[in-house]
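Proteins get letters first, then strands, A, B, ... in listed order; numbering begins at 1 in each.
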Amino acid sequence: MIKDIIHDHLIECLDKLGISRDKEFTVEIPNNTDHGDYSTNCAMILAKENKKAPKTLAESLIKELKKKKDYKKVEMAGPGFINFTLSPAFFQRTFREIREAGADFGIQDFGKGEKVLLEFVSANPTGPLNIVSARAAAFGDTIYRVMKRVGYLPSREFYVNDAGNQVDILAESLELRLRELHGDNIGEFPYEAYHGEYVVHLAQKLNASEGVRVFMMTEKDRMEHLKEFALNELLEMQRASLERFDVSFEGWVSEKTLRAEGVVEEVLSYLTEADCTYEKDDAIWFASTKYGDDKDRVLMKSDGSITYFVPDLAYHLTKIQRGFDTLIDIFGPDHHGYVPRIKAAFKAMGYDDGILEIIFLQQVNLFESGERVKMSKRAGKIVTMDDLINVVGKDSARYFFIARKASAHLNFDLELAMQQNNENPVYYCQYAHARICSIIKKAKKDKMWPKSFKSELAAKLNKTEELAIIQKLSDLPELLTLISIHREPHRLATYIEELAAMIHKYYARYQIVSAKSKDLTHARLMLLETTKQVMAIVFELMGISAPEKM
RNA sequence: GCGCCAGUAGCUCAGCAGGAUAGAGCAGCAGCCUUCUAAGCUGCGGGUCAGGGGUUCGAAUCCCUUCUGGCGUGCCA
């Protein structure tokens with residue numbers, strides 16, 4: 001918001017001076033505080049088109065800008081930067097605006113109601129959710145929350161692969177475990193089957209309620225029955241894990257339902273109409289190389305069943321049909337080979353593949369005592385999302401997942417995340433919030449908390465630390481738009497850590513509640529109350545609690 | 001082989017999409033609690049931004065190339 005005001009000032013002055021401004025320039029916060037509170041590259045960017053030296057341009061601009069009361073200092077530096085030092089009054093005015101916004105601070109119409117579908121997790125319903133799903137859940141949900149705040153109309157969906165090969169194997173695995181319970185010798189448990197302990201538990205549960213009745217059914221009925229039972233149980237298990245993680249979905253889209261609704265046939269006919277299919281080796285192929293893929297893909301296998309690709313494509317088709325403007329898929333690291341074919345299919349069906357955006361989350365490596373925790377899905381040795389929440393807690397887990405950008409491998413140190421001390425950034429941030437609450441409590445106890453604050457007391461806030469906090473608070477709206485544009489929720493973590501550090505330093509340096517000056521106490525309490533509000537907003541966006549005390 | 005992603009301090013990572021002297025936390029060392037929470041604060045040391053070339057006023061950031069690591073390259077999902 002401050003940046004926008006400075007930007008507007010610059011435009012006003014440029015126009016007044018008759019300087020053309022076709023190229024975009026930026027207003028930034030310099031990383032060196034000697035360069036002022038804000039700086040712009042305006043003169044350097046516009047020098048060429050105005051056929052003037054950057055420094056000359058800067059000087060005339062500075063002359064004009066100095067007429068405004070908002071700046072304490074406007075200086076030229078380096079090759080033509082213009083550095084601004086704001087008057088305290090500018091900050092104080094900003095501060096009052098943030099206070100007025102209250103809990104709505106950061107809410108904008110930047111997204112202009114654009115409908116965005118976020119698909120994430122979408123794990124196979126063949127086992128408990130793992131930590132990669134947990135990362136996807138934290139990431140996708142945070143993007144959702146931020147987008148919503150800046151004016152998009154986002155929606156979260158979980159695509160359930162409740163049909164196809166994997167589910168058949170699940171049912172077969174369950175049957176084997178059931179027979180095992182009944183004392184049958186099943187020999188060696190098949191390699192492809194699901195080895196996880198949870199399948200045994202499912203068998204026990206089913207056995208307890210139905211016993212031998214299961215074996216009286218025909219083979220076909222029994223497999224259907226086992227499938228349905230296992231899917232229901234596992235889906236419910238996954239849903240419960242996500243709920244513990246404070247992640248919910250607007251939609252759970254079932255592959256089985258899609259197939260029943262005939263969308264799959266619809267997709268096949270579209271591709272055929274587009275003259276992109278052919279038959280070879282008893283299979284039906286999609287000529288995806290026509291649209292940039294490096295090899296053609298099978299749609300229908302020689303045994304007559306369709307590949308995973310087709311219903312998934314059908315699902316994406318429904319997303320478009322339901323009127324979403326932007327489709328964001330959040331995938332695990334092992335799916336990037338999948339992109340060219342799905343984009344090719346979009347083009348083949350006559351849709352702009354630009355509306356489909358795919359974000360890849362890199363893998364998660366767990367570390368314990370400096371050792372990598374080895375996991376094997378096949379052998380049923382995985383650390384589940386529930387395990388993780390049990391061990392490190394929801395706040396810590398979400399924080400660590402959000403704090404890394406998507407493209408980075410995530411080395412998750414279990415011990416660090418478990419620690420409730422200064423080594424853990426989550427607590428560092430939450431502690432800042434709790435501290436503020438504690439000071440407020442103290443003020444109330446000392447009768448230093450007024451019924452209402454006089455906003456003009458903001459003028460008392462003129463310490464470097466105080467102005468810096470206000471500046472940081474004012475960064476939030478722009479930060480949220482940037483996060484939504486670039487889909488980079490990790491910046492929330494950076495932001496909250498910086499803000500927390502400022503609060504801890506401020507606390508250490510200044511007495512807030514003091515009998516000496518009531519007005520100053522009130523001014524500082526206002527600052528802390530507003531900071532607390534902003535921190536709470538950020539925690540909420542991250543899905544992390546904002547504790548009153550620790 | 002080909003494709004995608006990554007490589008920044010001892011470790012984990014930022015670096016605001018091209019800006020000024022590359023930052024933070026942890027680890028290490030030295031200090032700070034009769035005062036609103038020491039889960040904190042203050043100070044010190046620590047770098048060939050993997051290597052090389054290019055683009056320009058200016059590169060950790062963009063392009064090319066080499067090296068290293070991860071993943072992908074199924075009629076699996």
Quiz item: Is the aromatic ring of His35(A) within stacking range of A20(B), meaning centres under 5.5 angstrom and planes under 30 degrees?
Solution: yes
Exercise. Give a yes/no verdict on base stacking between G19(B) and Phe81(A): centres under 5.5 Å, planes within less than 30° of parallel.
Key: no
Quiz item: Which word best sums up how the rings of His335(A) and Tyr338(A) line up, parallel for under 30°, tilted for 30 to 60°, or perpendicular for over 60°?
Solution: perpendicular
Quiz prompt | Residues within residues 496-505 of chain A bordering RNA chain B, heavy-atom distance below 4.0 Å | solution = His504(A), Lys505(A)
Quiz item: Does any donor-acceptor pair link the side chain of His335(A) with the base of G72(B) at a separation under 3.5 Å?
Solution: no
Exercise. Report which part of the nucleic acid Asp162(A) touches: base, sugar-phosphate, or nothing (heavy-atom distance under 4.0 Å, all strands).
Key: nothing
Practice problem: Please state whether the base of A17(B) and the side chain of Glu488(A) form at least one donor-acceptor pair under 3.5 Å? | Solution: yes
Quiz item: Can you check whether Lys516(A)'s main-chain N or O pairs, donor with acceptor, with Ser514(A)'s side chain at less than 3.5 Å?
Solution: yes
Side-chain donor-acceptor pairs under 3.5 Å in residues 295-302 of chain A, sequence neighbours left out?
from	atom 1	to	atom 2	distance (Å)
Asp296(A)	OD1	Ser288(A)	N	3.2
Asp296(A)	OD1	Thr289(A)	N	3.1
Asp296(A)	OD1	Thr289(A)	OG1	2.6
Asp296(A)	OD2	Tyr278(A)	OH	2.7
Arg297(A)	NE	Asp293(A)	OD2	2.8
Arg297(A)	NE	Lys295(A)	O	3.3
Arg297(A)	NH2	Asp293(A)	OD1	3.2
Arg297(A)	NH2	Asp293(A)	OD2	3.4
Arg297(A)	NH2	Asp294(A)	OD1	3.3

Practice problem: Would you please confirm or rule out a distance under 4.0 Å between OP1 or OP2 of A38(B) and any side-chain N or O of Arg435(A)? | Solution: yes
Practice problem: For nucleotides C76(B) and G70(B), find the distance between their P atoms and express it as a whole number of Å. | Solution: 27 Å
Self-check item: Pairwise P distance, A14(B) and A6(B) [rounded to whole Å]
Solution: 11 Å
Practice problem: Return the 5'-most residue of the pair Leu410(A), Gly164(A) with respect to RNA chain B, ranking by each residue's nearest nucleotide. | Solution: Leu410(A)
Quiz item: Between Lys295(A) and G74(B), does any side-chain N or O lie under 4.0 Å from OP1 or OP2?
Solution: yes
Quiz item: Distance check: side-chain N/O of Thr494(A) vs OP1/OP2 of A14(B), anything under 4.0 Å?
Solution: no
Self-check item: Length of the OH-C1' vector between Tyr428(A) and A38(B), whole Å
Solution: 13 Å
Self-check item: Phosphate contact (A22(B) OP1 or OP2) by Asn31(A) side-chain N/O below 4.0 Å
Solution: no
Exercise. Report yes if at least one side-chain N or O of Lys3(A) is closer than 4.0 Å to OP1 or OP2 of C16(B); otherwise report no.
Key: no
Exercise. Spell out, as yes or no, whether a donor-acceptor pair under 3.5 Å connects the side chain of Lys343(A) to the backbone of Asp353(A).
Key: yes
Exercise. Give a yes or no answer on whether the side chain of Asp162(A) reaches the backbone of Glu255(A) with a donor-acceptor pair at less than 3.5 Å.
Key: yes
Practice problem: Could you state the atom-to-atom distance from CE of Met535(A) to C1' of A39(B) in whole Å? | Solution: 13 Å
Exercise. Mind calculating the distance between CD1 (Ile436(A)) and P (C36(B)) to the nearest angstrom?
Key: 17 Å
Quiz item: Can you check C5(B) for me, syn or anti if syn means within 90° of 0?
Solution: anti
Quiz prompt | Span that lies between the C1' atom of A17(B) and that of C63(B), in whole angstrom | solution = 15 Å
Quiz item: C4(B) P sits how many Å from Lys343(A) NZ, rounded?
Solution: 14 Å
Exercise. Searching all strands shown, indicate the nucleotide that pairs with A27(B) (Watson-Crick or G-U wobble; both distances under 3.5 Å).
Key: none
Quiz item: Once you round it to whole Å, what is the distance between C1' of C75(B) and CG of Asp296(A)?
Solution: 13 Å
Self-check item: Distance-only donor-acceptor test, Ser302(A) side-chain atoms vs C75(B) base atoms, 3.5 Å
Solution: yes
Quiz item: Do Arg297(A) and A77(B) have a side chain to base donor-acceptor pair shorter than 3.5 Å?
Solution: no
Exercise. Please give the nucleotide sitting opposite G7(B) as a Watson-Crick or G-U wobble pair, both distances under 3.5 Å, or none.
Key: C67(B)
Quiz prompt | Pairing partner of A14(B) (Watson-Crick or G-U wobble, both distances under 3.5 Å) | solution = none
Exercise. Tell me whether the OP1 or OP2 atom of G15(B) has a side-chain N or O from His490(A) closer than 4.0 Å.
Key: yes
Quiz item: Which distance, rounded to the nearest 0.5 Å, do you find between the CD of Glu28(A) and the CD1 of Ile6(A)?
Solution: 11.5 Å
Quiz item: Mind checking the C1' distance from G15(B) to A20(B)? Whole angstroms is fine.
Solution: 15 Å
Quiz item: Quick one: Lys23(A) NZ to G18(B) P, roughly how many Å, whole number?
Solution: 11 Å
Quiz item: What is the distance, rounded to the nearest whole Å, between atom CZ of Arg509(A) and atom P of C33(B)?
Solution: 18 Å
Quiz prompt | Separation between NE2 of His490(A) and CG of Leu410(A), rounded to the nearest 0.5 Å | solution = 12.0 Å
Exercise. Quick one: label Lys405(A) by what it contacts on the DNA or RNA (base, sugar-phosphate, nothing), any heavy atom closer than 4.0 Å.
Key: sugar-phosphate
Quiz item: Does a side-chain N or O from Tyr507(A) land closer than 4.0 Å to OP1 or OP2 of A38(B), or not?
Solution: yes
Quiz item: If you take atom types as modelled and just measure distance, does the side chain of Asn32(A) reach the base of A22(B) with a donor-acceptor pair under 3.5 Å?
Solution: no
Practice problem: Hey, could you give me the CG/NZ distance between Leu356(A) and Lys347(A), rounded to the nearest 0.5 Å? | Solution: 11.0 Å
Practice problem: Please measure how far the P atom in G18(B) lies from the corresponding atom in G40(B), and state the result in whole Å. | Solution: 36 Å
Quiz item: Centroid-to-centroid, Tyr506(A) to Tyr510(A), below 6.0 Å?
Solution: yes
Practice problem: Mind checking Lys549(A) for me? I need base, sugar-phosphate or nothing, with any heavy atom below 4.0 Å counting as a touch. | Solution: base
Quiz prompt | Euclidean distance, atom CE of residue Met300(A) to atom C1' of C75(B) [Å, nearest integer] | solution = 12 Å
Quiz item: Would you say G74(B) has OP1 or OP2 under 4.0 Å from some side-chain N or O of Tyr338(A)?
Solution: no
Quiz item: What residues in residues 512-532 of chain A put a non-hydrogen atom under 4.0 Å from any atom of RNA chain B?
Solution: Ile512(A), Val513(A)
Quiz item: Counting any heavy atom closer than 4.0 Å, what does Asp281(A) reach on the DNA or RNA strands: base, sugar-phosphate only, or nothing?
Solution: base
Exercise. Look at the side chain of Thr126(A) and the base of A77(B), then say whether one donor and one acceptor between them are separated by less than 3.5 Å.
Key: no
Quiz prompt | U35(B) versus C29(B) - spacing of their C1' atoms, nearest Å | solution = 29 Å
Quiz item: Where does the angle between the aromatic ring planes of Phe158(A) and Trp252(A) fall among parallel (under 30°), tilted (30 to 60°) and perpendicular (over 60°)?
Solution: parallel
Self-check item: For G74(B), the Watson-Crick or wobble partner whose two distances fall under 3.5 Å
Solution: none
Quiz prompt | Pairwise C1' distance, G74(B) and G19(B) [rounded to whole Å] | solution = 48 Å
Quiz prompt | Phosphate OP1/OP2 of A39(B) contacted by Tyr431(A) side-chain N/O (<4.0 Å) | solution = yes
Exercise. Nearest-nucleotide wise, let me know which of Lys48(A) and Glu255(A) is further upstream toward the 5' end of RNA chain B.
Key: Lys48(A)
Practice problem: Hey, could you give me the CG/OG1 distance between Leu65(A) and Thr40(A), rounded to the nearest 0.5 Å? | Solution: 9.5 Å
